[in-house]
Amino acid sequence: MASIAAVLRKRTGHDFHGYKPGTFLRRVQRRVQVVQVTSIGAYLDLLRERPDEAQELFNDLLIGVTQFFRDPHEFDLLAREVVPKLFAGKTQNDRLGSG
């Protein structure tokens with residue numbers, strides 16, 4: 001997995017070494033099935049040979065994160081329950097967070 005993360009970093013500029021190992025492995029396994037190779041080692045070879053595959057894996061890895069930002073229900077929940085608590089009792093001169 002570290003070798004695959006290194007290829008991704010080289011091809012996309014994004015470092016996935018700290019990504020959740022289980023999630024990373026599942027996304028790689030999905031791409032192994034999609035491109036119809038027989039093993040993760042064969043997928044690594046393919047990844048090194050085809051720069052476009054690095055972009056495809058990159059897209060798969062980010063889909064779970066970005067899906068949250070496309071979910072209207074989640075934003076509605078934030079607007080109703082989280083944001084008001086952040087600003088409760090604050091004035092325009094107050095700061096949010098530490099510092």
Side-chain angles (χ1 to χ4, degrees):
M1 291 300 107
S3 296
I4 291 173
V7 172
L8 278 176
R9 185 177 60 234
K10 181 179 177 182
R11 300 263 194 229
T12 69
H14 289 82
D15 187 358
F16 286 95
H17 282 94
Y19 208 74
K20 292 180 184 178
T23 301
F24 191 84
L25 178 60
R26 281 191 304 278
R27 301 292 188 201
V28 169
Q29 288 171 330
R30 180 189 172 290
R31 292 302 310 163
V32 165
Q33 290 177 341
V34 168
V35 298
Q36 299 179 341
V37 294
T38 57
S39 68
I40 291 177
Y43 180 72
L44 178 58
D45 292 339
L46 179 94
L47 195 61
R48 288 178 174 146
E49 294 167 11
R50 291 186 25 205
D52 61 312
E53 181 55 32
Q55 187 61 48
E56 294 296 328
L57 177 57
F58 174 77
N59 293 343
D60 275 10
L61 286 163
L62 293 186
I63 193 69
V65 175
T66 60
Q67 184 174 357
F68 169 82
F69 294 103
R70 294 188 306 265
D71 189 336
H73 173 72
E74 299 300 330
F75 273 101
D76 183 52
L77 183 69
L78 285 173
R80 282 185 291 109
E81 298 187 21
V82 177
V83 173
K85 290 177 183 175
L86 289 173
F87 290 96
K90 304 278 191 251
T91 69
Q92 72 182 45
N93 295 324
D94 291 327
R95 294 177 60 149
L96 293 177
S98 60

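Note that the coordinates shown come from a computational prediction; the quantities given were computed from them, not determined experimentally.
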Path from F87 to L78 over hydrophobic side-chain contacts below 4.5 Å: yes
- prompt: From R30 CZ over to E56 CD, what is the distance, rounded to the nearest 0.5 angstrom?
  reply: 9.0 Å
Worked check of side-chain contact (heavy atoms from CB on, under 4.5 Å) between L77 and V82: CA-CA 7 Å; L77 183 69; V82 177; 5.8 Å; no
message: Apply side-chain contact (heavy atoms from CB on, under 4.5 Å) to residues L57 and I4 and explain how you reach the verdict.
response: CA-CA 10 Å; L57 177 57; I4 291 173; 3.7 Å; yes
query: So which heavy atom on P84 is nearest to which on A79, and how close?
result: CD-O, 3.1 Å
- request: Could you please spell out the steps behind the side-chain contact (heavy atoms from CB on, under 4.5 Å) verdict for E53 and V35?
  value: CA-CA 9 Å; E53 181 55 32; V35 298; 3.5 Å; yes
Under 3.5 Å donor-acceptor, D94 side chain and T91 backbone: yes
query: Would a 4.5 Å heavy-atom cut-off, applied to side chains only, mark L61 and V28 as touching?
result: no
- request: Any chance you could measure D52, atom CG, to L46, atom CG, to the nearest 0.5 Å?
  value: 8.0 Å
- request: Any chance you could measure R27, atom CZ, to N59, atom CG, to the nearest 0.5 Å?
  value: 11.5 Å
- request: Classify the angle between the aromatic ring planes of F16 and Y19 as parallel (below 30°), tilted (30 to 60°) or perpendicular (above 60°).
  value: perpendicular
- prompt: Side-chain donor-acceptor pair under 3.5 Å between Q29 and Y43, yes or no?
  reply: no
Distance, nearest 0.5 Å, that separates NZ of K20 from CG of L25: 14.5 Å
message: My understanding is that only residues two or more places apart in sequence, or in another chain, count here; which of them pass side-chain hydrogen bond (donor to acceptor under 3.5 Å, both in side chains) with D76?
response: R80
query: For the atom pair CZ (R31) and CG (D60), what is the distance rounded to the nearest 0.5 Å?
result: 5.5 Å
message: Show every side chain to side chain donor-acceptor pair (under 3.5 Å) that has at least one partner inside residues 1-12, sequence neighbours left out.
response: R9-H17
message: If I take atom CD from residue Q55 and atom CG from residue L47, how far apart are they, to the nearest 0.5 angstrom?
response: 11.5 Å
